[in-house]
Amino acid sequence: DALPILHCPTMMPDTKIDLTYDLPWWQDSRYVIGHLTRKSRRLKVVNVLTGNEATLEVCSEETLQEIMIHRYMDVNAHASSYTWKRHDSESTWTLDMTKTLEENNILDETEE
């Protein structure tokens with residue numbers, strides 16, 4: 001037998017359905033597995049010591065610390081021991097890991 005979907009009516013009348021819940025499952029915080037981002041963006045991380053590059057898709061709301069821990073550590077287990085910097089054609093600066101990419105003045109260069 002297939003498992004029923006929570007709080008959804010059956011196609012045919014059924015007296016076994018539990019209708020005693022107070023809060024529908026889609027409003028129950030126990031079933032939240034994440035949050036929807038307002039925009040995802042690509043981030044290219046280059047290890048200048050080895051030349052290795054990784055392109056990650058990240059949420060615009062994530063801090064660099066969150067990106068490092070939850071996304072980049074799978075690529076490079078030593079990432080937390082590095083200083084993260086932004087290099088562009090005009091300058092180089094150390095990034096604040098408690099801030100987002102936008103807060104670190106790294107603009108989203110993808111087209112809408």
Between [X] and [Y], is any pair of side-chain heavy atoms under 4.5 Å apart?
X    : Y    : result
T100 : E62  : no
N104 : L101 : no
M73  : S80  : yes
E53  : V45  : no
L43  : T55  : no
N47  : Y82  : yes
W84  : M97  : yes
L23  : D28  : yes

Quiz item: Under 3.5 Å, is there a donor-acceptor pair between the side chain of D88 and the main chain of S91?
Solution: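 Yes, because the side chain of D88 sits within donor-acceptor range (under 3.5 Å) of the backbone of S91.
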Establish whether [X] and [Y] are linked, either directly or via other cluster members, by ILVMFWY side-chain heavy-atom contacts under 4.5 Å.
X   : Y   : answer
L64 : W93 : yes
L49 : Y72 : yes
L56 : I69 : yes

Quiz prompt | Residues E61, T37; criterion side chain to side chain donor-acceptor pair (under 3.5 Å); working and verdict | solution = CA-CA 7 Å; E61 299 87 0; T37 184; 2.5 Å; yes
Exercise. Evaluate the criterion side-chain contact (heavy atoms from CB on, under 4.5 Å) for residue pair T98 and T63; output intermediate values, then yes/no.
Key: CA-CA 6 Å; T98 65; T63 65; 5.6 Å; no
Self-check item: Nearest atoms (heavy-atom pairs only) where C59 meets R71
Solution: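 Scanning both residues completely, I find the closest heavy atoms to be SG-NH2, 3.9 Å.
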Quiz prompt | Sidechain N-carboxylate O distance under 4.0 Å for R41, E57 | solution =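 No salt bridge links R41 with E57.
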Self-check item: From CZ (R86) to OG1 (T94), nearest 0.5 Å
Solution: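 It is 13.5 Å, given to the nearest 0.5 Å.
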Quiz item: After noting the C-alpha distance and the side-chain angles of R38 and E102, does the key distance pass the salt bridge (charged side-chain N to carboxylate O under 4.0 Å, His left out) rule?
Solution: CA-CA 13 Å; R38 71 177 160 81; E102 188 174 334; 3.6 Å; yes
Quiz item: If you count the non-hydrogen atoms of other residues, nucleotides and ligands that lie under 6.0 Å from NE2 in H78, is the total more than 12?
Solution: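 No.
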